[in-house]
J.: 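First, the structure itself, so that you have it in front of you.
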Amino acid sequence: MVTTQGRIVKGVGGSYEVAADGAVYTCAAKGIFRLRGITPLIGDRVEFEITHEADQEGNVTNILERTNELKRPRVANIDQALIVFSVTRPAINIDLLDRFLILAESEGVEAVLVLNKCDLPKGDEAGELRCTYEAIGYKVVKMSAFTRDGLNELRGLIGGKVSVLAGPSGVGKSSIVNCISKRLMETGELSRKIDRGKHTTRHAELIPIDDDTFIVDSPGFTALTTDGLEPGRIAGCFREFRPYLAGCRFNDCKHLREPGCAIKAQVGDDISAERYERYKGMMGNRYS
Ligand code: GDP
Ligand code: ZN
């Protein structure tokens with residue numbers, strides 16, 4: 001039997017939809033996974049045998065090693081998180097923005113900052129934010145789901161990858177998905193009202209954009225607090241801190257009040273005072 005490689009895009013009651021070479025196969029997963037205590041996840045790259053080509057049926061025979069595994073939504077092998085914010089309506093909350101970035105770093109997921117609604121007045125504030133976050137090393141896209149400005153740039157960044165969208169509600173996540181996929185997602189308040197009761201049972205799906213490009217259909221990093229993060233790991237999640245972390249006098253430096261702190265020495269220089277303040281904010285509830 002021919003063995004093919006594909007990716008699980010959907011799971012329905014013990015069977016899995018596996019996308020491969022532009023087709024979707026409905027596959028069973030062999031009992032061997034249950035024996036080994038492994039559950040195939042959406043996003044898993046798998047090997048499968050085609051048992052019935054005409055009916056597009058198969059059997060998953062192997063799960064390839066995962067690069068990461070997100071808890072909510074439960075998805076494996078996420079290449080990047082698109083952290084979506086609107087500059088205005090709703091007004092941008094930088095504190096929250098940094099929390100999303102830190103959560104993505106802590107999960108080992110590359111973050112791309114997407115600034116939407118640039119068509120609105122005040123949309124040019126996005127330019128400043130772009131400079132700030134590009135300087136730290138993030139990719140930043142300024143766009144409008146309405147005018148479709150910046151959409152090609154976004155397309156370029158998601159090509160060949162699996163992306164999860166994250167960000168507060170109302171910033172245009174569903175609108176962006178509607179711009180780049182053929183599948184329509186409902187936008188606005190109405191859909192949220194209808195959805196509310198369904199969230200607990202609904203499983204995530206990968207929306208295929210093309211053969212090797214996917215978007216996760218439900219938002220990631222929905223736990224907006226960094227409280228669960230081990231305090232010692234937070235500094236390492238601030239990208240611009242990393243080059244200096246080894247320079248502190250104390251190995252277990254918290255970069256708060258310690259003498260000889262290489263991080264504090266950079267504040268106002270390579271580390272912006274605002275980002276350092278937000279670092280202190282995230283550490284604060286633990287050490288004050
Ligand atoms: P989500 O909650 O993040 O999925 O946001 P939605 O996609 O539902 O969008 C929230 C509201 O913002 C809707 O009324 C959209 O029509 C509107 N919206 C989305 N993108 C844009 C944009 O680029 N510009 C403007 N002006 N409005 C937008
Ligand atoms: Zn330090």
Side-chain angles (χ1 to χ4, degrees), residues 73 81-93 96-97 100 113-126 141-155 163-181 183-196 198-199 202 204 207 215-222 224 231-238 240-271 275-276 279-280 282-283 287:
L82 306 176
I83 313 284
V84 185
F85 273 82
S86 57
V87 261
T88 177
R89 280 191 242 165
I92 195 158
N93 176 341
L96 193 56
L97 165 58
F100 275 110
L113 181 53
V114 178
L115 300 169
N116 190 36
K117 305 201 187 182
C118 287
D119 55 290
L120 294 176
K122 286 181 92 180
D124 47 338
E125 268 176 32
V141 187
K142 274 171 59 179
M143 67 167 292
S144 162
F146 270 19
T147 64
R148 303 194 159 225
D149 270 336
L151 201 57
N152 282 338
E153 197 185 336
L154 181 68
R155 281 206 181 93
S163 306
V164 66
L165 290 146
S169 104
V171 296
K173 296 182 296 299
S174 326
S175 307
I176 291 172
V177 172
N178 290 347
C179 288
I180 49 185
S181 81
R183 198 185 303 180
L184 280 188
M185 282 175 93
E186 286 174 89
T187 57
E189 212 38 55
L190 180 66
S191 69
R192 269 187 286 280
K193 279 195 187 116
I194 295 168
D195 265 350
R196 207 158 282 156
K198 291 195 270 179
H199 276 308
R202 223 179 123 264
I207 304 174
I215 299 244
V216 183
D217 78 334
S218 37
F221 304 103
T222 41
L224 298 182
R233 289 188 55 212
I234 294 182
C237 292
F238 280 75
E240 70 275 43
F241 289 15
R242 283 185 203 147
Y244 305 105
L245 286 172
C248 296
R249 185 180 307 161
F250 302 111
N251 264 337
D252 61 348
C253 187
K254 301 284 183 291
H255 324 297
L256 296 172
R257 284 185 280 270
E258 294 85 345
C261 173
I263 300 299
K264 277 192 291 178
Q266 286 299 323
V267 174
D269 205 348
D270 277 2
I271 295 172
R275 286 266 290 177
Y276 180 67
Y279 168 73
K280 285 208 293 190
M282 289 181 207
M283 294 294 280
Y287 287 96

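Order of listing sets the numbers, starting from 1, for every ligand and every atom in it.
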J.: Determine whether Leu165 and Ile215 satisfy the following criterion, side chain to side chain contact (heavy atoms under 4.5 Å, CB included), listing intermediate values before the conclusion.
T.: CA-CA 8 Å; Leu165 290 146; Ile215 299 244; 3.9 Å; yes
J.: Kindly indicate whether the side chain of Pro90, heavy atoms from C-beta on, has any atom under 4.5 Å from the side chain of Lys117.
T.: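 Sidechains of Lys117 and Pro90: in contact.
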J.: Name all residues meeting the salt bridge (Lys or Arg N to Asp or Glu O under 4.0 Å) criterion together with Arg242; count only those two or more places apart in sequence or in a different chain, and write none if there are none.
T.: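 If we apply the salt bridge (Lys or Arg N to Asp or Glu O under 4.0 Å) test to Arg242, skipping adjacent residues, the hits are Glu105.
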J.: Run the side chain to side chain contact (heavy atoms under 4.5 Å, CB included) test on His255 and Leu245 for me, step by step, so that the C-alpha distance in whole Å, both residues' side-chain angles and the decisive distance to 0.1 Å come before the verdict.
T.: CA-CA 9 Å; His255 324 297; Leu245 286 172; 3.5 Å; yes
J.: Test of understanding: with ring pair (Phe, Tyr, Trp, His ring centres under 6.0 Å), list the residues that count as partners of Phe238, not counting sequence neighbours.
T.: Phe241, Tyr279
J.: Please say whether Gly170 places an N or O atom under 3.5 Å from an N or O atom belonging to ligand 1.
T.: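 Yes; at least one N/O pair falls below 3.5 Å.
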J.: Check each atom of ligand 1 against the heavy atoms of Ser175 and keep those under 4.0 Å away; list them by number with element.
T.: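 It comes down to these atoms of ligand 1: 6 (P), 7 (O), 9 (O), 15 (C), 19 (C), 20 (N).
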J.: Report the C-alpha separation of Ile271 and Ile263 in whole Å, then their side-chain angles, then the decisive distance to 0.1 Å, and conclude whether the side chain to side chain contact (heavy atoms under 4.5 Å, CB included) test is met.
T.: CA-CA 8 Å; Ile271 295 172; Ile263 300 299; 3.8 Å; yes
J.: Report yes if some N/O of Gly172 lies less than 3.5 Å from some N/O of ligand 1; otherwise report no.
T.: yes
J.: List ligand 1 atoms under 4.0 Å from Ser144, heavy atoms only on the residue side.
T.: 23 (O)
J.: Roughly how far apart are Met143 CE and Arg148 CZ, rounded to 0.5 Å?
T.: 8.5 Å
J.: Could you tell me, atom by atom, which parts of ligand 1 come under 4.0 Å of a heavy atom of Asp119?
T.: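 Those qualifying, in numeric order: 22 (C), 23 (O), 24 (N), 25 (C), 26 (N).
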J.: Of all the atoms in ligand 1, which lie at a distance below 4.0 Å from a heavy atom belonging to Asn116?
T.: 20 (N), 21 (C), 22 (C), 23 (O)
J.: Show the atoms of ligand 1 that are less than 4.0 angstrom away from any heavy atom in Leu120.
T.: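 Taking each heavy atom of Leu120 in turn, ligand 1 has 26 (N) under 4.0 Å.
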J.: If I compare all heavy atoms of Gly220 with all of Val164, which pair ends up nearest, and what's the gap?
T.: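 Scanning both residues completely, I find the closest heavy atoms to be N-CG2, 3.6 Å.
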J.: To the nearest 0.5 Å, how far apart are CG in Asn116 and CZ in Arg89?
T.: 12.5 Å
J.: If you measure from atom 4 (O) of ligand 1 to every heavy atom of Gly167, Ala145, Ser174, which option wins on shortest distance?
T.: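 Answer by nearest heavy atom: Ser174.
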J.: If you leave out waters, which protein N, O or S atoms are less than 2.8 Å from the Zn ion (ligand 2)?
T.: Cys248 SG, Cys253 SG, His255 ND1, Cys261 SG
J.: Can you list the ligand 1 atoms lying under 4.0 Å from a non-hydrogen atom of Ser169?
T.: 2 (O)
J.: Checking Phe100 now: which residues fulfil ring pair (Phe, Tyr, Trp, His ring centres under 6.0 Å) with it, not counting sequence neighbours?
T.: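 Ring pair (Phe, Tyr, Trp, His ring centres under 6.0 Å) list for Phe100, sorted by chain: Phe85.
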